[in-house]
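For reference, the structure is listed below as structure tokens.
No hydrogens, no waters, no symmetry mates; every other heavy atom, side chains included, goes into these values. Convention: sequence-line order gives letters A, B, ...; per-chain numbering from 1.
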Amino acid sequence: MSERTLKEIMSQRLAKRESLLNEGVNPYPYKFDRSHLITAALEDFDQLAEKTEISFAGRLMSRRVMGKASFANIMDGSGRIQLFISREEIGVEAYTLFKGLDLGDFIGVSGKLMTTRTGEKTLKVASLTLLSKNIRPLPNVKEKDGQTFDGFEDKEQRYRKRYLDLIVNPEVKETFVKRAAIYRSIRKFFDGSDYLEVETPILQPLYGGASARPFMTHHNALNMPLYLRIADELYLKRLIIGGFEKVYEFSRNFRNEGMDRTHNPEFTAIEWYEAYVDYHYLMDQVESLFKHLCADLGQSTFSFKGHEIDLTQEFQRAPMAELVAEHVGIDLATANEKELLTVCRKHKVDVDTNANYGQLLDELFDALVQPHLIEPTFVTEYPKAISPLAKHLRDSDGTFVERFELFIAGSEFANAFSELNDPVDQRARLEAQAALREAGDDEAQVVDEDFLQAMEYGMPPTGGVGMGLDRLIMLLTDNPSIRDVLLFPQMRPESKG
RNA sequence: GCACCGCUAGCUCAACUGGCAGAGCAGUUGACUCUUAAUCAAUUGGUUCGGGGUUCGAGUCCCUGGCGGUGUACCA
């Protein structure tokens with residue numbers, strides 16, 4: 001739409017590019033030696049001002065021309081600074097070049113720092129070089145005293161053209177800088193506990209470790225189907241079997257499912273496994289990971305979804321059935337499926353009438369309890385029916401397993417178990433999943449014969465945790481949508497309708 | 001999936017009950033040596049998301065499709 005007017009602006013700029021080339025000026029030179037980042041020079045202003053010749057490189061963001069002298073602002077990766085350019089100072093030729101610049105051009109400038117009459121720290125430009133010619137106009141944003149005017153606000157365009165969002169809405173950068181800091185902190189936590197960071201296949205002949213539909217692809221040379229991983233769990237367990245006793249991986253996972261505020265088709269999780277520990281150990285460990293993160297970020301209370309949450313407090317722990325029982329006022333430990341169904345109906349929880357005890361309990365929990373778990377809470381003892389990779393709860397009848405999930409502000413943040421390591425039991429559980437698949441559940445897990453064989457060689461008692469990092473970053477940066485913590489969220493192609 | 005809201009110039013927005021599609025910024029031309037949402041003067045720029053319909057006349061009303069946002073459901 002409105003291509004014509006955009007084309008006019010662009011053809012003007014293309015013409016400038018041409019005439020520069022004709023004058024023998026390369027509008028795209030190869031390098032520029034800058035002496036300072038903008039913010040570094042501003043911090044060191046008193047040392048540098050009036051004395052030292054310094055240089056910056058950056059993008060021209062605004063301009064105020066007043067005849068033979070001008071002010072402009074450039075932005076580099078660190079920040080912005082005002083430039084003062086006078087014809088007297090830089091000469092007629094350079095001043096003409098400056099007046100021919102467009103917003104969005106990259107330039108290199110050198111000169112001395114000064115303070116303007118109104119007290120703004122400014123570079124008095126002595127020389128100026130074009131570093132890259134802009135030919136497509138940037139969204140035009142005005143700024144004053146930290147307030148922005150006429151911003152670039154269309155969320156769709158911001159997600160589709162994230163590079164523009166980053167240029168024009170600098171606060172967006174902070175989320176991604178913080179994301180990197182969180183990764184660094186997590187790495188430090190595990191590296192410091194003698195964990196080994198590993199990389200396992202993203203392209204897998206069979207997918208597993210979670211209940212989800214996969215993306216499928218095809219390898220030409222092998223002429224075989226391959227799946228993009230939905231989780232790295234089964235490979236990390238192979239490594240535990242192989243004798244690496246503590247492993248972790250930042251795992252980009254792919255799930256062929258719906259998209260919404262909290263789901264992107266590709267997302268990042270961290271999973272870690274440690275030999276000879278159980279889920280009680282893991283709860284303590286997860287709590288200390290959060291404390292470690294808070295210390296590194298220098299913050300203990302986080303605002304998220306309108307709640308103020310202290311992540312350094314002791315996390316609550318409670319079995320799933322108890323939490324549901326508290327809510328419905330019925331002792332569920334002795335309830336049968338029929339009674340649970342009645343409870344579901346009473347609380348208007350929509351369920352499949354063929355659902356088993358575990359699925360019903362899970363439904364009740366999701367509908368009635370989870371939204372109210374605001375303070376950090378480990379929900380423990382999940383039904384075996386929905387946990388095919390977890391060990392039976394010790395000293396019990398086998399209805400429940402040693403598993404926990406961590407909830408904060410009504411959302412799930414971690415999922416962990418005392419990992420099942422009995423190969424006979426594991427085979428039976430996966431075969432039960434396969435039966436569910438036969439019955440039409442296309443998210444049920446598949447039997448991975450190689451994984452079962454690996455376990456038959458012997459797997460030590462092991463604890464393992466999976467934690468969704470995108471959601472963690474949403475929590476720690478107070479962003480309500482996963483799209484705000486992904487640089488390039490998945491979008492439908494733009495179409496002309 | 002369902003509901004609601006949105007889509008008009010490069011950007012931000014306006015246009016009453018259906019009556020000539022507008023403004024600011026950006027762009028272009030000119031003036032201006034301490035401005036800072038610079039200012040002043042002039043000026044260019046439109047497939048109003050696509051398609052169909054009603055009407056003398058549609059940005060506006062109706063149908064249909066697209067994309068996005070929010071909520072909700074399903075799903076981990």
Side-chain angles (χ1 to χ4, degrees), chain A residues 1-13 15-16 61-73 80-89 95 99-100 102-104 114-122 124 134-161 164 167-169 209-213 230-231 253 255-263 267 269 348-352 362-363 366-367 370 386-387 405 411-413 415 441-443 445 466 468 471 480-481 483 489 491-497:
Chain A
M1 53 177 183
S2 40
E3 285 292 309
R4 201 183 306 157
T5 154
L6 176 59
K7 271 181 186 152
E8 280 169 17
I9 294 175
M10 289 186 67
S11 65
Q12 285 158 2
R13 297 189 183 185
K16 287 184 190 173
M61 296 304 287
S62 66
R63 194 162 44 153
R64 296 169 291 286
V65 178
M66 302 163 305
K68 300 184 190 67
S70 300
F71 289 91
N73 288 78
R80 284 171 175 252
I81 192 170
Q82 177 170 267
L83 308 178
F84 176 71
I85 299 126
S86 78
R87 196 174 73 175
E88 196 178 322
E89 186 83 15
Y95 197 70
K99 288 216 286 187
D102 291 295
L103 298 185
M114 59 173 250
T115 308
T116 63
R117 216 172 269 165
T118 49
E120 180 160 352
K121 294 167 180 171
T122 299
K124 189 178 196 179
N134 164 296
I135 59 165
R136 189 180 285 273
L138 290 171
N140 165 248
V141 175
K142 296 276 177 178
E143 210 177 325
K144 188 192 183 180
D145 303 332
Q147 262 191 301
T148 56
F149 302 84
D150 299 345
F152 179 56
E153 285 163 358
D154 183 327
K155 280 203 165 183
E156 178 175 356
Q157 289 308 314
R158 292 175 59 189
Y159 294 145
R160 288 188 193 281
K161 300 197 166 185
L164 291 181
I167 292 166
V168 161
N169 298 314
S211 300
R213 294 204 303 265
I230 58 172
N253 297 329
R255 297 190 183 175
N256 206 341
E257 294 174 344
M259 294 161 55
D260 61 26
R261 216 176 59 264
T262 58
H263 296 81
F267 65 98
K348 298 197 168 71
V349 177
D350 192 23
V351 288
D352 185 345
D362 189 43
E363 293 284 351
D366 281 356
Q370 178 176 335
I386 57 167
S387 313
E405 293 192 343
S411 300
E412 181 207 323
F413 284 88
N415 180 24
D441 180 352
D442 56 7
E443 291 191 348
Q445 305 201 19
R471 290 185 194 173
S481 168
R483 294 191 179 95
M491 302 286 278
R492 279 196 175 82
E494 236 169 339
S495 87
K496 299 234 160 115

Base, sugar-phosphate alone, or nothing: which one does [X] contact when heavy atoms must sit under 4.0 Å apart?
| X | result |
| --- | --- |
| A/D154 | sugar-phosphate |
| A/Q370 | base |
| A/V141 | nothing |
| A/R87 | nothing |
| A/Q82 | base |
| A/G151 | sugar-phosphate |
| A/E153 | sugar-phosphate |

Residues two or more places apart in sequence or in another chain: which of them pass side chain to side chain contact (heavy atoms under 4.5 Å, CB included) with [X]?
| X | result |
| --- | --- |
| A/P139 | A/F152, A/L164, A/V168 |
| A/N415 | A/R403, A/E405, A/E412, A/F417 |
| A/R471 | A/T262, A/H263, A/F413, A/M474 |
| A/N140 | A/K142 |

By salt bridge (Lys or Arg N to Asp or Glu O under 4.0 Å), which residues pair with [X], not counting sequence neighbours?
| X | answer |
| --- | --- |
| A/R158 | A/D165 |
| A/R63 | none |
| A/D362 | none |
| A/K16 | A/D102 |

**Asked** Hey, which of these two, A/M259 or A/M491, hits RNA chain B nearer its 5' end, going by closest nucleotide?
**Response** A/M491

**Fill in**
Contacts of A/R471 and A/K99 projected onto RNA chain B by closest heavy atom; the upstream (5') one is A/K99

**Item:** Heavy-atom donor-acceptor pair, A/T116 side-chain to B/rU35 base, under 3.5 Å
**Value:** yes

Looking at the side chain of [X], which of [options] is the nearest nucleotide?
| X | options | result |
| --- | --- | --- |
| A/P139 | B/rU33, B/rU12, B/rC11 | B/rC11 |
| A/E363 | B/rG69, B/rC75, B/rC34 | B/rC75 |
| A/H263 | B/rG69, B/rG68, B/rC75 | B/rC75 |
| A/K68 | B/rU33, B/rC11, B/rC34 | B/rU33 |

For nucleotides 26-30 of chain B, tabulate all protein N/O to nucleotide N/O atom pairs closer than 3.5 Å, reporting atom names and distance.
from   : atom 1 : to     : atom 2 : distance (Å)
B/rA26 : OP1    : A/K142 : NZ     : 3.4
B/rA26 : O4'    : A/N140 : ND2    : 3.4
B/rG27 : O2'    : A/Q12  : OE1    : 2.5
B/rU28 : OP1    : A/K16  : NZ     : 3.2

For the pair made of [atom1] in [X] and [atom2] in [N], what is the distance, rounded to whole Å?
| X | N | atom1 | atom2 | answer |
| --- | --- | --- | --- | --- |
| A/I167 | B/rC11 | CD1 | P | 14 Å |
| A/M114 | B/rU33 | CE | C1' | 11 Å |
| A/K124 | B/rU33 | NZ | C1' | 11 Å |
| A/L83 | B/rU33 | CG | P | 19 Å |
| A/Q157 | B/rC7 | CD | P | 14 Å |
| A/R136 | B/rC11 | CZ | P | 11 Å |
| A/R158 | B/rC11 | CZ | C1' | 13 Å |
| A/L6 | B/rG46 | CG | C1' | 13 Å |

Considering only atom [atom1], compute the distance from [N] to [M] and round it to an integer number of Å.
| N | M | atom1 | answer |
| --- | --- | --- | --- |
| B/rC11 | B/rC5 | P | 25 Å |
| B/rC16 | B/rC75 | C1' | 47 Å |
| B/rG46 | B/rU8 | C1' | 8 Å |
| B/rG57 | B/rA3 | C1' | 34 Å |
| B/rC4 | B/rU17 | C1' | 25 Å |
| B/rC49 | B/rG66 | C1' | 7 Å |
| B/rA21 | B/rC13 | C1' | 14 Å |
| B/rG50 | B/rA14 | C1' | 24 Å |

**Message:** B/rU35, OP1 or OP2 - any side-chain N/O from A/R64 closer than 4.0 Å?
**Reply:** no

**Prompt:** Can you tell me if the side-chain N/O atoms of A/R261 get under 4.0 Å from OP1 or OP2 in B/rG71?
**Reply:** yes

Side chain proximity check, [X] to [Y], heavy atoms < 4.5 angstrom:
| X | Y | value |
| --- | --- | --- |
| A/Q445 | A/S211 | yes |
| A/M10 | A/R136 | yes |
| A/M259 | A/R492 | no |

**Request:** Specify the closest pair of heavy atoms between A/R64 and A/A72, including all atoms of both residues, with the distance to one decimal.
**Result:** NH2-N, 4.2 Å

**Request:** Tell me the stems RNA chain B sits in, counting at least three consecutive Watson-Crick or G-U wobble pairs, each under 3.5 Å on both distances.
**Result:** B:1-7 with B:66-72, B:10-13 with B:22-25, B:27-31 with B:39-43, B:49-53 with B:61-65

**Request:** Output yes when a side-chain donor or acceptor of A/Y159 lies under 3.5 Å from a complementary backbone atom of A/D154, and no otherwise.
**Result:** no

Find every protein N or O atom lying less than 3.5 Å from an N or O atom of nucleotides 40-42 of chain B, and list the pairs.
none

**Residues in ring pair (Phe, Tyr, Trp, His ring centres under 6.0 Å) contact with A/F71, at least two apart in sequence or another chain** = A/F84

**Working for side-chain contact (heavy atoms from CB on, under 4.5 Å), residues A/E443 and A/R255** = CA-CA 10 Å; A/E443 291 191 348; A/R255 297 190 183 175; over 6 Å; no

